[in-house]
**Student:** 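Could you have a look at this structure, given as C-alpha cells, before my questions?
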Amino acid sequence: MRVCAVIPAAGRGSRLGTTKPKILAPLNQDQTVWSVLHAKIAPLVDHIHLVLSPEGARDFPALPEHVSYSIQREPTGMGDAIFGARQFWEIFDAILIVWGDQVFVSTDTLRRALVTLPQQQLVLPLTRMAVPYVEYVFDDAKLTKILQSREGDATSPGGFSDVGTFLLGTHGLAAAWEDYLSKAARGGQTGEINFLPFLPFLSAQGWTITPLEVADPTEARGINTPEDLSFFQRLSGYKDPQ
C-alpha cells in the first residue's frame, strides 16, 4: 500500500504569537513544528505533501525530493486544503492526514493506524478527553455526528476526540467529497464547509470507520498558543538558556 501524508499547514500562527507561519514555528533551539512532524511521518510513508499559505511557501526552506507542496491562498478550511491538493495524493492508495500543528501525535499511533487500514476504509485514532474540543459520536459501528466547540456545539465530558490524524483510502474519496459539497451546510460559527462532518457522511455512505483508541490524551494537543509551546518544552525537557 502506497501512502501519501497530507499536512494542511496554512495556519498563520497568530494565537501562538509567532511572526513565522505556524508550521515553521520554533519549539526549542533545535526543533520546529515541521522538523518534529517530518521526523515522525517520513519513515512511515512514501511521500509527504504540504498545503501552505503564500507566506509559508515563501519562507519554507528547501524541501527534499519526497516532499511536495501546494498553496492555499485563503484560509477556507481543512477540506479545501486537502481536496484542493488532490492531484498530488490521488495516485496513492491512501492518505494520512495530519494537522500541521499536531506535534504530540506519537509514531506508535501513526504506525498502528497504517497497519490497521483495510482497502477503501478509514482509520480514526481517538482518545478520551475530560473536555473534548471535538467529540465523535457513534451508534454501534456508525459514526453519526461530530460535535465541534468552534461551531458552538456542546460536548460531553469523557467523550472521544481525535488526535489530528486521519487515514483514508483514496479510491472514491474525491468523488465522495464532491457529493458531500453538494449537500453540506456551512459551519454556524466559521462559515466554512468543514472537513470533519465529511467523516459521518462517509459512514452514512457505507464506508467502514475503524476507531483506533489512543491511551494518552496528550496526543490530541496541538501547538496553538504560548501555553502549548511551554507544555511541549516541559515535556521534551527543554530549558531556556536565558
**Student:** Could you list all the salt bridge (Lys or Arg N to Asp or Glu O under 4.0 Å) pairs where at least one residue sits in residues 92-110, not counting sequence neighbours?
**Tutor:**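 Qualifying pairs: K22-D101, D108-R112.
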
**Student:** Do I97 and L168 touch side chain to side chain, with heavy atoms closer than 4.5 Å?
**Tutor:**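 They are in contact (side-chain heavy atoms under 4.5 Å apart), so the answer is yes.
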
**Student:** Quick check: do P125 and E213 have side-chain heavy atoms less than 4.5 Å from each other?
**Tutor:**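 SC-SC contact between P125 and E213 ruled out.
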
**Student:** With clusters defined by side-chain heavy atoms of hydrophobic residues (ILVMFWY) lying less than 4.5 Å apart, directly or transitively, does L24 cluster with Y69?
**Tutor:**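 In one cluster with Y69: L24, yes.
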
**Student:** Quick check: closest heavy atoms across A81 and V51, and the distance to 0.1 Å?
**Tutor:**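 Residues A81 and V51, closest heavy atoms: O-CG2, 3.5 Å.
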
**Student:** Could you see if L126 belongs to whatever hydrophobic cluster contains W207? Use Ile, Leu, Val, Met, Phe, Trp, Tyr and a side-chain cutoff under 4.5 Å.
**Tutor:**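 L126 clusters together with W207.
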
**Student:** Would you say the side chain of W99 lies within less than 4.5 Å of the side chain of V105, judging by non-hydrogen atoms?
**Tutor:**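 With C-beta onward as the side chain, the pair stays apart.
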
**Student:** Any side-chain heavy atom of P54 within less than 4.5 Å of one from Q72?
**Tutor:**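 Not touching, per the 4.5 Å side-chain cut-off.
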
**Student:** With sequence neighbours left out, what residues match Y133 under ring-ring contact (aromatic ring centres under 6.0 Å, His included)?
**Tutor:**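 Once residues adjacent in sequence are excluded, Y133 has no partner under the ring-ring contact (aromatic ring centres under 6.0 Å, His included) criterion.
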
**Student:** Mind checking what makes ring-ring contact (aromatic ring centres under 6.0 Å, His included) contact with F104, not counting sequence neighbours?
**Tutor:**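 Result, ring-ring contact (aromatic ring centres under 6.0 Å, His included) vs F104: F231, F232.
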
**Student:** Which ILVMFWY residues are connected to V137, directly or by a chain of links, through side-chain heavy atoms under 4.5 Å apart?
**Tutor:**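 Taking Ile, Leu, Val, Met, Phe, Trp and Tyr as members, V137 shares its hydrophobic cluster with L147.
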
**Student:** Would you check if T127 and D216 make a side-chain contact, meaning some heavy-atom pair closer than 4.5 Å?
**Tutor:**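 No, their side chains stay 4.5 Å or more apart.
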
**Student:** What are the two closest non-hydrogen atoms of A113 and L212, and how far apart are they?
**Tutor:**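 Here A113 and L212 meet closest at N-CD2, 3.5 Å.
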
**Student:** Connecting only ILVMFWY residues whose side-chain heavy atoms lie within less than 4.5 Å of each other, what is the rest of F88's hydrophobic cluster?
**Tutor:**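 Cluster partners of F88: none, it stands alone.
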
**Student:** According to side-chain hydrogen bond (donor to acceptor under 3.5 Å, both in side chains), who are the partners of D46, at least two apart in sequence or on a separate chain?
**Tutor:**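 side-chain hydrogen bond (donor to acceptor under 3.5 Å, both in side chains) list for D46, sorted by chain: empty.
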
**Student:** If you define the side chain from C-beta out and look only at heavy atoms, does anything of Q31 sit under 4.5 Å from V103?
**Tutor:**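 No, every pair of side-chain atoms sits at 4.5 Å or beyond.
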
**Student:** Table please: side-chain donor-acceptor pairs of residues 1-8 below 3.5 Å, with sequence neighbours left out.
**Tutor:**
none

**Student:** With no hydrogens and no angle check, do the side chains of E219 and T109 hold a donor and an acceptor under 3.5 Å apart?
**Tutor:**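 T109 and E219 do have a side-chain donor-acceptor pair below 3.5 Å.
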
**Student:** What do the steps show when you test I23 against L37 for side chain to side chain contact (heavy atoms under 4.5 Å, CB included), and what is the final call?
**Tutor:** CA-CA 9 Å; I23 187 75; L37 288 174; 3.9 Å; yes

**Student:** Anything under 30° is parallel, anything over 60° is perpendicular, the rest tilted; go ahead and classify F198 against Y180.
**Tutor:**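 The arrangement is tilted - the two ring planes meet at 30° to 60°.
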
**Student:** Quick check: do L167 and L114 have side-chain heavy atoms less than 4.5 Å from each other?
**Tutor:**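 Sidechains of L114 and L167: in contact.
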
**Student:** Can a side-chain donor-acceptor contact be found between T208 and Q121 if the only test is distance below 3.5 angstrom?
**Tutor:**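 Indeed, the side chains of Q121 and T208 share at least one donor-acceptor pair under 3.5 Å.
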
**Student:** With S230, which residues qualify under side-chain hydrogen bond (donor to acceptor under 3.5 Å, both in side chains), at least two apart?
**Tutor:**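 side-chain hydrogen bond (donor to acceptor under 3.5 Å, both in side chains) check on S230 returns nothing, list empty.
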
**Student:** Go through the structure and list residues passing side-chain hydrogen bond (donor to acceptor under 3.5 Å, both in side chains) with Y136, not counting sequence neighbours.
**Tutor:**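 Y136: side-chain hydrogen bond (donor to acceptor under 3.5 Å, both in side chains) contacts with D162.
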
**Student:** Would a single hydrophobic cluster contain both L63 and V36, if residues Ile, Leu, Val, Met, Phe, Trp and Tyr are joined by side-chain heavy-atom contacts under 4.5 Å?
**Tutor:**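 Per the 4.5 Å side-chain linkage, V36 and L63 are co-clustered.
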
**Student:** Just wondering, do I146 and L199 contact through their side chains at under 4.5 Å, heavy atoms?
**Tutor:**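 Yes. Closest side-chain heavy atoms under 4.5 Å.
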
**Student:** List the residues meeting side-chain contact (heavy atoms from CB on, under 4.5 Å) with L181, not counting sequence neighbours, and say none if there are none.
**Tutor:**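 With sequence neighbours excluded, L181 shows a side-chain contact (heavy atoms from CB on, under 4.5 Å) to W177, E178, I193, given in chain and number order.
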
**Student:** Test T210 against L122 for side chain to side chain contact (heavy atoms under 4.5 Å, CB included), laying out the working first.
**Tutor:** CA-CA 6 Å; T210 305; L122 191 160; over 6 Å; no

**Student:** Side-chain heavy atoms under 4.5 angstrom apart, residues restricted to Ile, Leu, Val, Met, Phe, Trp, Tyr: same cluster for F166 and M129?
**Tutor:**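 In one cluster: no.
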
**Student:** Suppose the criterion is salt bridge (Lys or Arg N to Asp or Glu O under 4.0 Å): which pairs have a residue in residues 55-77, not counting sequence neighbours?
**Tutor:**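 Those involving residues 55-77 are R12-E55.
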
**Student:** How far apart are the closest heavy atoms of K145 and P200, and which atoms are they?
**Tutor:**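 Between these two residues, the closest heavy atoms are CA-CG, 3.9 Å.
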
**Student:** Hydrophobic clustering (ILVMFWY, side-chain heavy atoms < 4.5 Å, transitive) - are L110 and L235 grouped together?
**Tutor:**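 As far as the 4.5 Å side-chain criterion goes, L110 and L235 are connected within one cluster.
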
**Student:** Could you work out, with side-chain hydrogen bond (donor to acceptor under 3.5 Å, both in side chains) as the rule, every residue matching S68, not counting sequence neighbours?
**Tutor:**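 Expected list: H47, H49.
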
**Student:** Please step through side chain to side chain contact (heavy atoms under 4.5 Å, CB included) for the pair T225 and L229, ending with a clear verdict.
**Tutor:** CA-CA 7 Å; T225 66; L229 177 57; over 6 Å; no

